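The block underneath contains the structure these notes are about, expressed in structure tokens.
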Amino acid sequence: MSNQKAEFSEAEIAVHWREEPLISPPPQFIGQANLTDPAIFERMSLEHFPECYREYADLLTWYKYWEKTLDTSHPPFWKWFVGGELNACYNCVDRHLPGYRNKTAIHFVPEPENELIQHITYQELWVRVNEFAALLRDFCGLKKGDRVTLHLPMTAELPITMLACARLGVIHSQVFSGFSGQACGERIADSQSHVLITMDAYYRAGKLLDHKKQADIAVEKATQEKAPPGKVLVWQRYPGRYSAETPPVKGRDFIVNELLPKYRGQRVEPERVQATDLLFLMYTSGSTGRPKGCAHSTGGYLAYVAGTSKYIQDIHPEDVYWCMADIGWITGHSYIVYGPLALAASSVVYEGIPTHPDAGRPWRIAEELGVNIFHTSPTAIRALRRAGEDVPSKYHHHFKHMTTVGEPIEPEVWRWYYNVVGKKEAVIVDTWWQTENGGFLCSTVPALKPMKPGSAGPGVPGIHPVIYDDDGKEIPAGTGKAGNICIRNPWPGFMQTIWGDDERLVKQYFARYCKDKNSKDWRDWPYFAGDGAMQSSDGYIRILGRIDDVINVAGHRLGTKEIESAALTVPEVAEAAVVPIPDEVKGRVPDLYVSLKPGVTGDGALAQRISQAIETQISPVARPRRVWIVPDMPKTRSGKIMRRVLAALSTGGDPGDITTLANPEVVEKIRTQVAQR
Ligand code: WTA
């Protein structure tokens, strides 16, 4: 591949992968599937674009039908379903009451196995969302367009909070609960959130973690950035009992469960919002140090996740659907909360880790709840397989459909998922997409296309991918060459902008392959995804991984720059460079190289402090595998750190041509150092 950076990222996976044989979907799956009409591809071809997306928007209930399907007057800020009015909470809750009042909307499964599972019906969800929305409106004074940061763990209160915000037209910004207080504070400040909503504690790997202390750090950080939230609302993990160590701060922190009785029986009319009004922000990592807030619309986003949930996830109202992702990531927003609930499914929210207390836990949950659609990541699949190859065979769960998302999946791992977890009864979709996108971009349509282990498949209906080389020439299918995957056309799920930074949206995703920046024709604005990919002759696409400075650790998307800047806050550190290292379970883990300021020497204690700084500022998921304190960084003559060389040294590989470096001698020194460990 001509792109140098991609050489050391994930391309090596492709080299070892041969073309896999196709596997047909099981006939009993096809028999019941939502989408079995091959004409869908014709209906959603570019010829019928953009009107073809009416089909998705018509899955929703609108207060006012839209006037214009796609407005391209301000490229690349595409506007979908312009003039339409709707409410996301109404679409996910209220409209299901006549038909499904007593059906479970959310099964909340606590991590401790002796705690009862809560089955929250649509009626109960409606009541709880209304009461909490009344509290947000009347106690916090929140109104349409305000932002609220959520730092909530995986309990039922998280979707309840999101839906209550959506009911009021308040923009929620949920930060992954595993992220540190500082990371949360940064996001509060960036979004100028009026309120922070958190929980006192939650279970993780058998321990009740104090989570409220993160809120104290978050508020401190946001205050430093001159954007303190006005109030902090704290849900109790055990209503009526406060499980955190630090007491609530007077006048700032309020216990939700103490306030709620005042709002009992209150109902809040859903706010009619424009299709283009924002539903939520989701912060994600990019190639600069600061995370960016992907700003998702109400109408386009909800239409897109409802459509893809119906046709790719094959969700019917009678299905019990479990996506084991965290709602703190886009997968959880689209495919635990908004997509499944828009279709009146029962969606499982599981608090803990999949291997607690043992690797049989997911299958016991699936058995108990009758889960028939299962959705997870390659990292979780690898971890469960490692913890016991035969464990799933001991259980009586039956899936009709399974999903993998978030990272490339090795064909061998795919086959274990298919044979052992799915018992050869379930169809698998490998769904490729991103936070920015709102919903799936590449995947097979499960009843219409065969599966190919390790390949995401072609674009989903309505999505038209293309692979460009570095010069903007199309790489045809079947050439065996990798390039940069782009999407030719806009689609309704794509974000409206990056919060507060329109320019970055243009620069990051469109500048690279824009054919004419004065054009108002969407055909001139392909979307640049930032992933390397190759397409085999049958049109199936294999995703090779990021070509930018993003590292995907256990499916968590982290910026190498974010990790590096956290390391640089340690006073002794002069330079820092992160490289992704293959890991059997997590896919990738970061190795960190640092050089120290002149006159400073380092030891294990310093390395420990650097690791700690990363944990505190970002999250334990970002902790480096190793911190290498090196005499100098290998650099180009223009002073650029050669991460490719460091990556090769970390994995014992060949660093390639180093003669162009300004300091080639340092490579040998680092190699010796790494070899000694
Ligand atoms: C990677 C997660 C291979 C990819 C939904 C992308 C994948 C990044 C797949 C986005 C897949 C996601 N196969 N790689 N099926 N799905 N990726 O924003 O590198 O957290 O750019 O969204 O994950 O991660 P994000």
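Since this is a predicted model, take the numbers as computed values, not measurements.
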Please examine the side chains of [Y] and [X], heavy atoms only from C-beta on, and report whether any two atoms are closer than 4.5 Å.
X: Met154; Y: Tyr202; result: no
X: Val349; Y: Ile336; result: yes
X: Leu646; Y: Ile670; result: yes
X: Val573; Y: Lys597; result: no
X: Leu384; Y: Pro362; result: yes
X: Leu196; Y: Cys184; result: yes
X: Leu606; Y: Val570; result: yes
X: Trp499; Y: Arg147; result: yes

Rounded to the nearest 0.5 Å, what separation is found between the [atom1] atom of [X] and the [atom2] atom of [Y]?
X: Leu208; Y: Asp210; atom1: CG; atom2: CG; answer: 8.5 Å
X: Ser243; Y: Leu209; atom1: OG; atom2: CG; answer: 11.5 Å
X: Phe254; Y: Lys231; atom1: CZ; atom2: NZ; answer: 5.5 Å
X: Asp531; Y: Leu544; atom1: CG; atom2: CG; answer: 8.5 Å
X: Cys294; Y: Leu278; atom1: SG; atom2: CG; answer: 11.5 Å
X: Thr403; Y: Met324; atom1: OG1; atom2: CE; answer: 12.0 Å

Test item: side-chain donor near acceptor, [X] and [Y], under 3.5 Å:
X: Ser193; Y: Ser191; value: yes
X: Glu564; Y: Tyr593; value: no
X: Asp216; Y: Thr246; value: yes
X: Thr161; Y: Trp235; value: yes
X: Thr404; Y: Asp430; value: no

Applying salt bridge (charged side-chain N to carboxylate O under 4.0 Å, His left out), can you list everything that pairs with Arg382, at least two apart in sequence or on another chain?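 Salt bridge (charged side-chain N to carboxylate O under 4.0 Å, His left out) list for Arg382, sorted by chain: Glu407, Glu410.
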Residues forming a salt bridge (charged side-chain N to carboxylate O under 4.0 Å, His left out) with Arg204, sequence neighbours excluded: none
Determine yes or no for a side-chain-to-main-chain donor-acceptor pair under 3.5 angstrom, with [X] supplying the side chain and [Y] the backbone.
X: Glu115; Y: Pro112; result: no
X: Asp583; Y: Val589; result: no
X: Arg542; Y: Ala533; result: no
X: Glu157; Y: Met199; result: no
X: His211; Y: His151; result: yes
X: Asp501; Y: Ile498; result: no
X: Ser595; Y: Asp632; result: no
X: Thr672; Y: Glu668; result: yes
X: Asn663; Y: Val666; result: no
X: Trp416; Y: Glu389; result: yes

Show the nearest heavy-atom pair for residues [X] and [Y], with the distance to one decimal.
X: Asp469; Y: Tyr513; answer: O-OH, 2.9 Å
X: Pro631; Y: Gln673; answer: CD-OE1, 4.0 Å
X: Ile658; Y: Val645; answer: CG2-CG2, 4.1 Å
X: Trp432; Y: Ile487; answer: CZ3-CD1, 4.2 Å
X: Phe179; Y: Val621; answer: CE1-CG2, 4.5 Å
X: Pro247; Y: Tyr242; answer: C-OH, 3.9 Å

Which residues pass the side-chain contact (heavy atoms from CB on, under 4.5 Å) test with Ser611, not counting sequence neighbours? Arg623, Pro624, Val627
Please step through salt bridge (Lys or Arg N to Asp or Glu O under 4.0 Å) for the pair Lys212 and Asp253, ending with a clear verdict. CA-CA 10 Å; Lys212 164 62 170 54; Asp253 300 351; 3.0 Å; yes
Within residues 544-571 or reaching into it, pairs that qualify as ring-ring contact (aromatic ring centres under 6.0 Å, His included) - sequence neighbours excluded: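 Sorted result for residues 544-571: Phe176-His556, Trp329-His556.
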Do other residues, nucleotides or ligands put more than 12 heavy atoms under 6.0 Å from the NZ atom of Lys226? no
Looking at His296 versus His333, is the centre-to-centre ring distance below 6.0 Å? no
Lys/Arg N to Asp/Glu carboxylate O, [X] vs [Y], below 4.0 Å:
X: Glu665; Y: Lys669; value: no
X: Lys213; Y: Glu245; value: no
X: Arg415; Y: Glu412; value: no
X: Glu503; Y: Lys507; value: no
X: Asp470; Y: Arg512; value: yes
X: Glu351; Y: Arg237; value: yes
X: Glu436; Y: Arg557; value: yes

Worked verdict on Gln434 versus Tyr527 for side-chain hydrogen bond (donor to acceptor under 3.5 Å, both in side chains): CA-CA 12 Å; Gln434 308 168 303; Tyr527 165 74; 2.6 Å; yes
Geometric class of the Tyr335/His375 ring pair [parallel <30°, tilted 30-60°, perpendicular >60°]: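 Because their plane-to-plane angle lies in the 30° to 60° range, the rings of His375 and Tyr335 count as tilted.
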Test salt bridge (Lys or Arg N to Asp or Glu O under 4.0 Å) on Asp591 and Arg625; report intermediate values, then the result. CA-CA 5 Å; Asp591 245 15; Arg625 180 190 73 150; 2.8 Å; yes
By the side chain to side chain donor-acceptor pair (under 3.5 Å) test, which pairs, at least two apart or in different chains, include something from residues 174-184? none
Tyr238 vs Asp200, test: side-chain hydrogen bond (donor to acceptor under 3.5 Å, both in side chains). Steps then yes/no. CA-CA 9 Å; Tyr238 294 100; Asp200 55 356; over 6 Å; no
Output every pair passing salt bridge (Lys or Arg N to Asp or Glu O under 4.0 Å) with a member in residues 567-577, not counting sequence neighbours, ordered by first then second residue. Glu572-Arg609, Glu575-Lys635
